[in-house]
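Take a look at the structure below.
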Amino acid sequence: MKTFKPFALLILCVALPFLASAQAADSVLEETFFSSGKMPVVLSVVVIILVGLLAYVAVLNKKVNKLENDIKK
Amino acid sequence: MRHLWWKVLCGLLLAYVTVFSFIVPLGPGVIGVDQTSLSSGENTVIIQSYNAHLEESDLQVFLGINDSTYLCTEVLEQVDNDKLKVRFTLPQDAPNTSFNILMNNAKDGTMFFPNAFRYADAAGTSGDFEWSSCPVSVVNQENTGFSIPFQPIIYETIRNLMFHVPMWFTMFFLMGIALVSSLRYLSNSKTEHDLRALAAVQVGLVFCVLGLITGSVWARFTWGAWWVNDPQLNGALVTFLIYVAYIILRNSIEDDQKRAKIAAVFNIFAFVILFVLLMVLPRFSESLHPGKGGNPAFNKYDLDNTLRMVFYPAVIGWILLGYWIYQLRLRLHRIEKKFYYNENV
């Protein structure tokens, strides 16, 4: 179960864009992202990758913490 | 210290890639017009450009009808930094057709905007109509500035090439490590190789998810939908699910030896399916995704020399980062194995 938890989270992340498409705020979204030659799209892609990798580092960090505690005991 | 060099290389490459992907300007291009249908007689339209030098005195604008016929236009004024007002006259008995815009100056080269206008008039004749063609001396002139190529609809998002695409290269690389490790496990039954396969799949899945999400965002603002029913996209999603199934399969088997063996066999099949779904099938069907179907991606027009200078380092940099994270994950697995099961690997 322990290893499964992050994966449930990852699946949720994949599902999020589908949920977002149902919202009516599409025109606001397009106005924002189409400005300055669609540059915000690139920025959000970079931010998604950074956040994703940082989240994975956080997961690893947690595992190391647990292992350290267990070894101390 | 001996093993540090490639981590330093990874950091330098990714720093170079990030800086370059953001400071190299996008080449000039036309992004739109204020009206799409034309009438016979005199038309005045406003053309919206991007990063173009409209103030250049040698600027010329043509309407392209086909590869050899061009109509002359008169440049009236530059409305603002990106907008240009032009005037041209269509003959009364012109046939129904669509027009491309070609803008040209020595600095920007030729900017092409396909199917900008259409002329549809019931009275229009069809067949061989003689247009009063304009003598055009320069077509397909190269942009002289150092820039990323401008493409319709894509615009600045072509920079995602350095971020979205290497995610998949990295995933492929890590899944490749997993395949080799699984094969080696089946031949020598060493726990080490089972752990390697597991770590590679776990980190590979992270890159797979990042590839899916970034691709989805990119698709939303270029194709208009978060997800389209496309062989390449569905193949990527199925790949993701198969590797999630690998993790779930592992967790569902209690016995260590049995788990490792079954997982290794599953992993080999998973890689074969990954290869077929992502590399083979999309090439046999129509696809929106570049590089697939009738949609040639990285030809000379898409991936020019400026992009290559950043794209290849980007791929190497991201793969090194993926390998680095994989090694951390693997070392953690080894210590866990040693501590919880007292098993040396």
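Letters A, B, ... are given to chains in the order of the sequence lines, protein chains preceding strands, and every chain is numbered from 1. Reckoned from all heavy atoms, side chains included, excluding hydrogens, waters and symmetry mates.
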Side chain from CB out, backbone as N, CA, C, O: work out which of these in [X] comes under 4.5 Å of a heavy atom of chain A, or both, or neither.
| X | value |
| --- | --- |
| B:R220 | side chain |
| B:T18 | neither |
| B:F163 | both |
| B:M162 | neither |
| B:I31 | neither |
| B:L14 | neither |

Could you give me the CA-CA distance, side-chain angles and deciding distance for B:Y340 and A:D70, then say whether side chain to side chain contact (heavy atoms under 4.5 Å, CB included) is met? CA-CA 9 Å; B:Y340 294 118; A:D70 287 353; 2.5 Å; yes
Shortest non-hydrogen contact from A:I48 toward B:V217: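 It is CD1-CG2, 3.7 Å.
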Where A:V42 and B:T157 come nearest, the two heavy atoms and their spacing: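 Result for this residue pair: CG2-CA, 3.6 Å.
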Pairwise side-chain contact, B:L321 with A:L53, heavy-atom cut-off 4.5 Å (strictly under):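 The answer is yes, as the side chains (C-beta and beyond) meet within the 4.5 Å cut-off.
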With side chains defined as the heavy atoms from C-beta onward, is the minimum distance between A:I49 and B:W318 less than 4.5 Å?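 Result yes, sub-4.5 Å side-chain heavy-atom pair found.
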Donor-acceptor pair, distance only, cut-off 3.5 Å: does the side chain of A:K38 make one with the backbone of B:W218?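 No, A:K38 side chain to B:W218 backbone: no donor-acceptor pair under 3.5 Å.
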Please evaluate residues A:K63 and B:E336 with respect to the criterion salt bridge (Lys or Arg N to Asp or Glu O under 4.0 Å), reporting the C-alpha separation (whole Å), side-chain torsions for both, the decisive distance (0.1 Å), and the verdict. CA-CA 10 Å; A:K63 286 183 193 300; B:E336 279 173 348; 5.8 Å; no
With rounding to the nearest 0.5 angstrom, report the CG to CG distance, A:N61 to B:L332.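 Going from CG on A:N61 over to CG on B:L332, the span is 10.5 Å.
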Nearest-0.5 Å distance, CZ of residue A:F34 to CD of residue B:E156: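 Between atom CZ of A:F34 and atom CD of B:E156 there are 14.0 Å.
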Structural part of A:V46 lying under 4.5 Å from a heavy atom of chain B: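 Answer is side chain: those atoms of A:V46 sit under 4.5 Å from chain B.
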Report the relative orientation of the aromatic rings in B:F221 and A:F33; use parallel for angles under 30°, tilted for 30 to 60°, perpendicular for over 60°.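 Parallel.
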